[in-house]
Visitor: 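Questions regarding the structure given below will be posed in turn.
The residues of the chain are indexed from 1 along the displayed sequence. This is a predicted model, so every value here is computed, not measured.
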Amino acid sequence: MGNRDTRVRGIAARAGGWSARHRWAAVGIWVLFVVLAMGLGSAAGTVELKDSDQLSGETGRAAAIAEEAGIDEPAGETVLVQGKDAGVKATSTEFRAAVDAVMKAVEGTGKVTNVTSPYDTETISKDGRSALVQFDMRGEAETAGDRVEPVLKAVEGVQKDHGSVLIEEIGGASMNKTFDDAFGDDFKQAEYSAVPVALGILLVAFGALVAALVPVLLAITAIVATMGLMMIVSHIQPMDDTSSSVMLLVGLAVGVDYCLFYLRREREERAAGRDPETALRIAAATSGRAIIVSGVTVCVAMAGMLFTGIATFKAMGLASLMVVAVAMVGSVTVLPAVLSLLGTRVEKGRIPFLHPDKRRKANGGSGNGSSGNGTSGNGSSGDNGSRFWTSVLRVVLAKPAISLVVAAGALLAIAAPALGMKTQNLTLDQEFGDSLPIVATYERVNEAFPGGSDPAEVVVKADDINSAEVKSAIADFREQAVSSGASRGPVEVTVHDSQNVAFVYVPLVGGSNLDKAEKSLEIIRDEVRPATFGKVDGVEAPVTGQVAGSKDFNDQLVSAVAPVFAFVVVFAFLLMLLSFRSLTIAITSIVLNLLSVGAAYGILVAVFQHGWGASLVGAEGVGAIITWLPLFLFVILFGLSMDYHVFVVSRIREARMRGLTTRDAIQHGVVTTAGVITSAAVIMVAVFAIFGTLSMQSMKQMGVGLAAAVLIDATIIRGVLLPAVMALLGERNWYFPKWLNRLPDLSHDESPEAAASPPPPAVEGERVPV
């Protein structure tokens with residue numbers, strides 16, 4: 001069959017054909033796009049998320065009031081002075097001398113203002129052993145961590161001269177500096193190490209340096225281009241550091257995966273005897289089409305974050321959506337051009353004993369790269385891997401009902417703990433455990449002054465903040481906050497006369513125990529506030545602070561679950577329906593993905609909430625899941641799992657269209673994709689697992705959740721459940737009611753070359769390329 005006379009339909013096939021014919025133009029356009037995106041983005045700059053953008057509910061309104069009034073609250077710092085022995089109390093001479101020394105030392109740095117004595121503010125614990133010296137950092141609160149070091153050293157110097165008391169500093173600035181010093185480099189290193197880890201795995205999978213570099217380089221260029229686009233888009237939707245980190249993770253994962261799928265198919269067709277041009281055309285028509293279906297599905301899933309109404313999630317969703325779209329476009333445009341330019345040189349830099357030809361010879365194979373059936377090859381994760389999955393499939397297809405019950409039952413059992421999931425913003429001790437000295441300081445302050453380290457903050461706005469009514473309401477509020485049992489005081493007030501705004505700081509009973517602290521918050525909001533500020537016309541008094549922020553954020557996430565879930569599931573269902581023209585496949589795709597997400601939730605709850613096996617990942621004593629993670633995981637995992645699903649089902653459908661029976665098509669599709677999916681999954685698991693090694697529990701939870709879900713998805717879901725379900729359904733897999741024929745047809749016509757020689761069913765030992 002003449003290659004030049006062959007015509008195939010479909011966006012991916014046409015894009016790949018054009019790219020292969022205009023190789024240098026395609027590469028040039030891609031490079032120009034990356035350079036322009038980064039250049040225009042750098043010129044535009046990044047608009048960062050502000051507190052008022054990130055917060056929701058009352059906390060968001062409180063931040064907006066302060067912002068509208070032009071009040072930039074300084075970073076507050078606290079020095080705990082505590083007697084080491086029961087006899088050393090605030091009334092003793094040595095204790096007073098230590099307090100005076102602390103005040104003099106911090107004032108002497110010139111970096112602070114508003115230094116207050118505990119004897120004036122009555123910040124002395126009930127047992128008399130502890131007292132708080134409080135002050136504010138000069139300058140902007142956001143950058144206070146960069147200026148706090150001289151103050152910390154001054155406090156350390158006082159400690160050396162007063163051995164009878166414990167002197168420790170804590171506050172927004174000192175905590176930011178401590179975290180940046182301890183984990184900033186750690187986090188960056190995790191991001192940077194993701195690329196070499198992915199490259200190392202690809203070297204093992206392909207056994208050739210050039211073949212391994214192509215996916216990594218394309219993923220990196222997609223990430224760079226998206227970074228520029230994020231800067232531009234930030235002027236519409238502000239971005240933050242979290243969205244950049246998520247973009248990098250998702251971009252690396254899908255960018256490498258898409259290239260892996262494409263390159264694997266091109267290699268397979270060449271190994272089957274196709275000439276390079278034909279092999280590339282087949283890869284464009286098949287794997288290229290699967291990449292587009294997968295990419296659009298992932299983009300839809302990421303877009304679900306936009307429905308949360310939470311700025312941080314919207315930023316993450318947009319960043320993820322953009323990098324997936326860029327990687328998808330690059331994979332079906334510039335990748336064919338690069339492969340066409342490289343030709344057989346893609347095999348350059350062969351690594352001894354790793355290249356598939358070497359592996360086959362070592363295993364006694366022929367090494368000729370072809371078994372004559374169009375499915376064999378040259379580039380697997382190893383013949384042993386394909387033999388393993390062939391053996392598994394033999395059992396699954398022989399007993400599909402039993403396989404379905406066992407695998408589904410196991411995943412449901414794993415998912416069961418998720419029914420008791422508890423979410424909250426992690427407190428300092430939950431987030432970092434005892435890995436930092438400042439955590440012990442935080443606990444000591446909370447023990448001596450419950451809620452004192454993170455008080456609730458009432459932002460009072462009035463027409464005249466100094467009117468008699470408002471002053472009376474503030475006084476009543478201070479008194480009732482304590483008498484109601486919500487606070488043990490002291491309740492402090494800062495008035496900004498010219499802006500007619502006052503800040504009332506209320507230490508909540510419960511302290512770092514969020515469950516108890518939220519009950520105190522409820523009393524403040526629902527009982528004390530209506531009885532005081534609620535009686536004055538024209539007064540706003542939203543309550544903010546860490547506890548309030550956690551509750552408001554949780555409440556908004558809960559309200560967003562239904563619309564996000566519905567959007568992602570419905571649109572994913574429609575895309576699968578239109579792409580495969582099968583109602584059955586669309587339904588089973590959604591069910592299997594939900595089962596995968598549920599299992600990931602169950603693992604998270606078991607490890608981080610119940611502590612089962614927590615010591616293995618360094619997660620003892622956390623007791624909760626970070627608030628934002630469940631919804632984030634649902635969206636990310638639902639999108640990423642479609643990568644594997646679309647790729648496998650596409651190969652099954654392709655084989656079925658060539659005339660194989662459904663059962664033989666299932667075996668052929670699963671076995672011939674086993675190598676590439678294993679390689680892709682290993683890369684994802686390895687990259688996500690890097691974040692599971694970080695000390696921050698929120699990052700650890702994200703890494704463990706993602707890694708576990710991908711592992712389950714690539715093995716139990718795709719290797720057992722999918723073939724078992726499809727085997728049981730048989731020809732019903734392709735059921736498409738006549739009344740749905742009016743829907744748009746997004747399926748593809750097979751490449752004539754791909755259909756020219758139908759492959760026989762996969763057999764034991766069939767060599768599968770990557």
Visitor: So, taking the atom named CG in N733 and the one named CZ in R656, what distance separates them when rounded to the nearest 0.5 Å?
Guide: 9.5 Å

Visitor: How long is the straight-line distance from CD1 of I717 back to OG of S589, given to the nearest 0.5 Å?
Guide: 11.5 Å

Visitor: Kindly write out the residues that satisfy side chain to side chain donor-acceptor pair (under 3.5 Å) with E266, not counting sequence neighbours, or none if the list is empty.
Guide: R270

Visitor: F565 and ring pair (Phe, Tyr, Trp, His ring centres under 6.0 Å): which partner among F634, F571, F307?
Guide: F634

Visitor: Tell me whether S320 contacts the main-chain N or O of G317 through its side chain, where contact means a donor paired with an acceptor under 3.5 Å.
Guide: no

Visitor: Working to the nearest 0.5 angstrom, can you tell me the gap between I652 CD1 and T673 OG1?
Guide: 7.0 Å

Visitor: Would you kindly check if the NZ (Lys) or CZ (Arg) of R289 is within the cone defined by 45 degrees around the ring axis of F580 and under 6.0 Å from the six-membered ring centre?
Guide: yes

Visitor: So, do V720 and L393 sit near enough that their side-chain heavy atoms are less than 4.5 Å apart?
Guide: no

Visitor: List the residues meeting ring-ring contact (aromatic ring centres under 6.0 Å, His included) with W628, not counting sequence neighbours, and say none if there are none.
Guide: F632

Visitor: To the nearest 0.5 Å, tell me how far L280 CG sits from R21 CZ.
Guide: 11.0 Å

Visitor: Quick check: do V670 and R651 have side-chain heavy atoms less than 4.5 Å from each other?
Guide: no

Visitor: So, taking the atom named CZ in F573 and the one named CG in L578, what distance separates them when rounded to the nearest 0.5 Å?
Guide: 9.0 Å

Visitor: Could you check if a side-chain atom of W734 sits within less than 4.5 angstrom of a side-chain atom of E731, using non-hydrogen atoms only?
Guide: yes

Visitor: Do S582 and L577 come close enough that some side-chain heavy atom pair is under 4.5 Å?
Guide: no

Visitor: Within the structure provided, determine whether S287 and F647 are in side-chain contact (heavy-atom separation under 4.5 Å).
Guide: yes

Visitor: Passes side-chain hydrogen bond (donor to acceptor under 3.5 Å, both in side chains), D275 versus T278? Steps please.
Guide: CA-CA 5 Å; D275 62 83; T278 304; 2.7 Å; yes

Visitor: Any side-chain heavy-atom pair from M576 and H645 closer than 4.5 angstrom?
Guide: yes

Visitor: Taking it one step at a time, do Y258 and Y262 satisfy ring-ring contact (aromatic ring centres under 6.0 Å, His included)?
Guide: CA-CA 6 Å; Y258 291 165; Y262 209 107; over 10 Å; no

Visitor: Do F313 and V564 come close enough that some side-chain heavy atom pair is under 4.5 Å?
Guide: no

Visitor: Please identify each residue that fulfils side chain to side chain donor-acceptor pair (under 3.5 Å) with S559, with sequence neighbours left out.
Guide: none

Visitor: May I ask you to test the N741-R581 pair for a side-chain heavy-atom distance under 4.5 Å?
Guide: yes

Visitor: Distance check, rounded to the nearest 0.5 Å: L637 atom CG versus L594 atom CG?
Guide: 11.5 Å

